[in-house]
Amino acid sequence: MGGVNDVLIVVLLLLEVVLLSFLESKTWNTIFTPLNFLMYPYVLVLLLTIIIVQSGIADNIFYYPSVFLWIFGLIIFAIPSYVIGYYFKKGGMTVAGIQDDKNSNISVFLVVLSVILIVLFAWHTKSLLNVSNESIGSDNFGEEFGGGGIWGHLRQITIPLLILSIYHLDRNHRWLWLLIILFIAINLLNQVKGWVIIPVLTGLFMRLYDGKSRLSSKFLVYVLLACFIFFSLSYVLSLMLALNRGMSSGLADFILHHFLHYLTSGTLGLSTDVMNGFPDKGSDISILFSQFVNLVNICSGDELVSPINPLFYYTGFSMTNVRTLFGTVFINSDCISFVLLVSLLSVFMYLLMLAQMKYHNDYLKLIYFFYCGLLFMGWFDWYFASLVIVEVPVIVILFHYGSLVFHKTI
């Protein structure tokens with residue numbers, strides 16, 4: 001590690017996390033809160049980043065003052081939690097920890113819809129392979145497969161279906177494994193890793209919250225192993241199929257190299273950006289909500305706004321243009337807007353948490369934990385600029401009413 005000041009910055013962050021965790025536990029009596037979903041993954045990835053850089057695995061340096069943005073950001077995000085929690089308890093309401101809900105019946109309506117979508121995507125894949133000049137497993141094929149248009153929207157429907165399949169999986173519903181594998185395959189062909197990771201995590205969060213799975217060291221090892229296997233399959237698909245390369249030790253090194261790059265790209269991207277004085281800072285808040293701005297621009301005929309940062313940095317592994325959640329928000333806002341946006345995001349998340357606690361509805365729970373999944377990926381970037389944050393809740397609401405109309409379950 002670097003000098004004494006660098007060590008003190010990391011220690012300050014860790015002390016803050018301990019304090020905020022204690023206050024969060026006293027306030028809500030559960031670990032399944034938005035702050036925890038945002039805070040813990042970042043700390044783990046940050047420590048991993050420091051280890052990788054200090055060991056020389058990544059040919060780069062880590063600029064420790066970049067951590068201050070998260071130190072301040074977490075405090076701002078935490079304040080609404082305690083204010084809302086105070087008034088929540090003052091009103092005489094209480095919250096419980098794990099809900100211990102063992103009901104695993106799934107709507108027949110959703111099962112039938114799942115089968116229809118799988119058949120449609122099987123036909124779509126076969127048709128695309130016959131006419132496309134792109135190789136399966138490539139980014140260009142993924143864009144053609146489900147990057148936009150009607151197939152892009154249909155692929156979005158598979159996201160909550162994947163989450164619900166994971167959530168309802170048990171000994172009496174082992175056949176849900178087939179749906180889970182096929183839905184993962186559909187989204188894997190799209191070659192956007194985040195939109196596979198977040199739904200899977202959402203389903204696991206729901207299972208842990210309702211006591212269908214137990215949080216343990218064994219559970220965490222299985223999750224981490226599954227994540228690494230997923231990354232391996234993603235790169236094997238792109239290299240062995242798209243580039244016609246065989247399996248070799250070189251391929252294994254390539255996969256590990258890119259796995260570490262993915263994990264550290266946000267923290268190292270922010271580190272380099274802060275060290276360079278934020279040359280990409282533009283205070284354009286519209287980028288943070290580009291999905292809403294673009295809906296208006298499509299109607300007005302104006303130019304679309306891109307949420308993608310055009311400035312790339314070399315991390316020691318490869319090039320990155322992501323800056324973590326707080327980094328991206330800060331780059332595209334001024335100081336006052338940063339505080340307001342982070343505070344509003346926190347208020348929204350905690351009110352949503354209260355709503356799902358009060359009504360204890362599987363579909364509302366899915367929406368809440370899906371957004372928690374977006375916070376969980378805050379170590380990577382700001383995921384709230386995607387249209388999926390609107391589409392998934394709308395789809396889930398339609399699922400709810402469809403299940404009420406066709407109320408049979410299995």
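Because the structure is predicted, anything quoted here is derived from the model rather than measured. The figures here come from the full heavy-atom set of this structure, side chains too, leaving out hydrogens, waters and symmetry mates.
- You'll find the ring centres of F326 and F72 outside the 6.0 Å limit.
- Nearest heavy-atom pair, F380 versus V322, reported as atom, atom and distance to 0.1 Å: O-CB, 3.5 Å.
- The NZ atom of K358 sits 14.5 Å away from atom CE of M353, with the distance rounded to the nearest 0.5 Å.
- Each of V396, I395, V392 was compared with I159 under the side chain to side chain contact (heavy atoms under 4.5 Å, CB included) criterion, and only V392 meets it.
- Heavy-atom contacts from other residues, nucleotides or ligands closer than 6.0 Å to CG of L404 number more than 12.
- Listed for the S290 side chain is a donor-acceptor partner under 3.5 Å among the backbone atoms of A385.
- In summary, the side chains of N36 and T33 do present a donor paired with an acceptor at a separation below 3.5 Å, with no hydrogens or angles considered.
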ring-ring contact (aromatic ring centres under 6.0 Å, His included) between F317 and Y262: does it pass, once the steps are laid out? CA-CA 9 Å; F317 291 111; Y262 187 86; over 10 Å; no

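- In this structure the side chain of F376 never reaches within 4.5 angstrom of the side chain of L38, judged on heavy atoms.
- Side chain of Y314 to main chain of G316: a donor-acceptor pair is present (N/O by atom type, distance under 3.5 Å, no hydrogens or angles).
- You'll find the ring centres of Y383 and W195 inside the 6.0 Å limit.
- Residues F292 and V390 form a side-chain contact, since some pair of their non-hydrogen atoms from C-beta on lies under 4.5 Å apart.
- A heavy-atom distance below 4.5 Å is found between the side chains of M349 and Y368.
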Which is it for Y363 and L164 under the side chain to side chain contact (heavy atoms under 4.5 Å, CB included) test, yes or no, and what are the steps along the way? CA-CA 9 Å; Y363 298 99; L164 290 170; 4.1 Å; yes

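- Residues T30 and M357 approach most closely at CG2-CE, 4.0 Å, considering heavy atoms.
- Ring geometry for H124 against F121 counts as perpendicular: the plane angle is over 60°, on a 0 to 90° scale with 30° as the lower cut.
- The two atoms that bring W382 and L288 nearest to each other are NE1-O, 3.0 Å, heavy atoms only.
- Counting heavy atoms from C-beta outward, D210 and H360 have side chains that approach closer than 4.5 Å.
- Side-chain atoms of N294 never come within 3.5 Å of backbone atoms of N297 as a donor-acceptor pair (strictly under, hydrogens ignored).
- E24 and S81 form a side-chain donor-acceptor contact under 3.5 Å, judged by distance and modelled atom types alone.
- Checked against Y313 for a side chain to side chain donor-acceptor pair (under 3.5 Å), the options D280, N60, D273 give a single hit: D273.
- Here the shortest heavy-atom pairing between A78 and L35 reads CB-CD2, 3.8 Å.
- Taking 4.5 Å as the limit, some side-chain heavy atom of T267 sits within range of a side-chain heavy atom of T264.
- A distance-only check finds a donor-acceptor pair linking the side chain of N190 to the backbone of G142 [under 3.5 Å].
- Crowding of N133 atom CG: a count of heavy atoms from other residues, nucleotides or ligands under 6.0 Å not exceeding 12.
- Counting heavy atoms from C-beta outward, L169 and W177 have side chains that approach closer than 4.5 Å.
- Side-chain contact between L13 and L74 is present, with at least one heavy-atom pair separated by less than 4.5 Å.
- Under the 6.0 Å cut-off for aromatic ring centres, Y209 and F369 qualify, their centroids lying closer than that.
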Can you list the steps and then say if S114 with F183 is a side chain to side chain contact (heavy atoms under 4.5 Å, CB included)? CA-CA 9 Å; S114 298; F183 283 141; 3.5 Å; yes

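- Considering every non-hydrogen atom in both S386 and Q291, the closest pair reads O-NE2, 3.2 Å.
- Panel note: side chain H173, backbone I410; a donor-acceptor pair is recorded below 3.5 Å.
- When atom types are taken as modelled, the side chain of D302 and the backbone of I298 share no donor-acceptor pair closer than 3.5 angstrom.
- Of the possible polar contacts, none joining the S346 side chain to the V342 backbone as a donor-acceptor pair under 3.5 Å is found.
- Defined by atom type and a distance below 3.5 Å, a donor-acceptor pair is present between the side-chain atoms of S21 and Y40.
- Put simply, the side chain of D284 gets close to the backbone of S286: a donor and an acceptor are under 3.5 Å apart.
- Residues F88 and Y350 place their aromatic rings such that the two centres sit no closer than 6.0 Å.
- Note that CD1 of I52 is 5.5 Å distant from CD1 of I57, once rounded to the nearest 0.5 Å.
- Contact record, R174 with R171: NH1-O, 3.1 Å, taken as the closest heavy-atom pair.
- Put simply, the side chain of L387 reaches to within 4.5 Å of the side chain of L295, judged on heavy atoms.
- Here the OG1 atom belonging to T328 is positioned 3.5 Å from the CG atom belonging to D381, to the nearest 0.5 angstrom.
- Checking side-chain atoms of R155 against main-chain N and O of G146 turns up a donor-acceptor pair under 3.5 Å.
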Begin with the C-alpha distance, continue with both residues' side-chain angles, and end with the deciding distance and a verdict on side chain to side chain contact (heavy atoms under 4.5 Å, CB included) for V274 and F68. CA-CA 10 Å; V274 175; F68 278 120; over 6 Å; no

Apply the test ring-ring contact (aromatic ring centres under 6.0 Å, His included) to residues Y371 and F348: give CA-CA distance (whole Å), side-chain angles for both, the deciding distance (0.1 Å), then the verdict. CA-CA 10 Å; Y371 283 132; F348 169 77; 5.5 Å; yes

Steps toward side chain to side chain contact (heavy atoms under 4.5 Å, CB included) verdict (T27, Y86): CA-CA 7 Å; T27 303; Y86 170 77; over 6 Å; no

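- Here the CG atom belonging to N309 is positioned 5.5 Å from the CG atom belonging to N321, to the nearest 0.5 angstrom.
- Distance check: I180 CD1 to L162 CG gives 7.0 Å after rounding to the nearest 0.5 Å.
- Listed for the R323 side chain is no donor-acceptor partner under 3.5 Å among the backbone atoms of L270.
- For W151 and F145, the ring centers are positioned 6.0 Å apart or more.
- In the displayed structure, F312 atom CZ is contacted under 6.0 Å by more than 12 heavy atoms of other residues, nucleotides or ligands.
- Interatomic distance, M377 CE to F384 CZ, rounded to the nearest 0.5 Å: 12.0 Å.
- Taking the ring centre of F330 as origin, the terminal cationic atom of K281 falls inside the region bounded by 6.0 Å and 45° from the ring axis.
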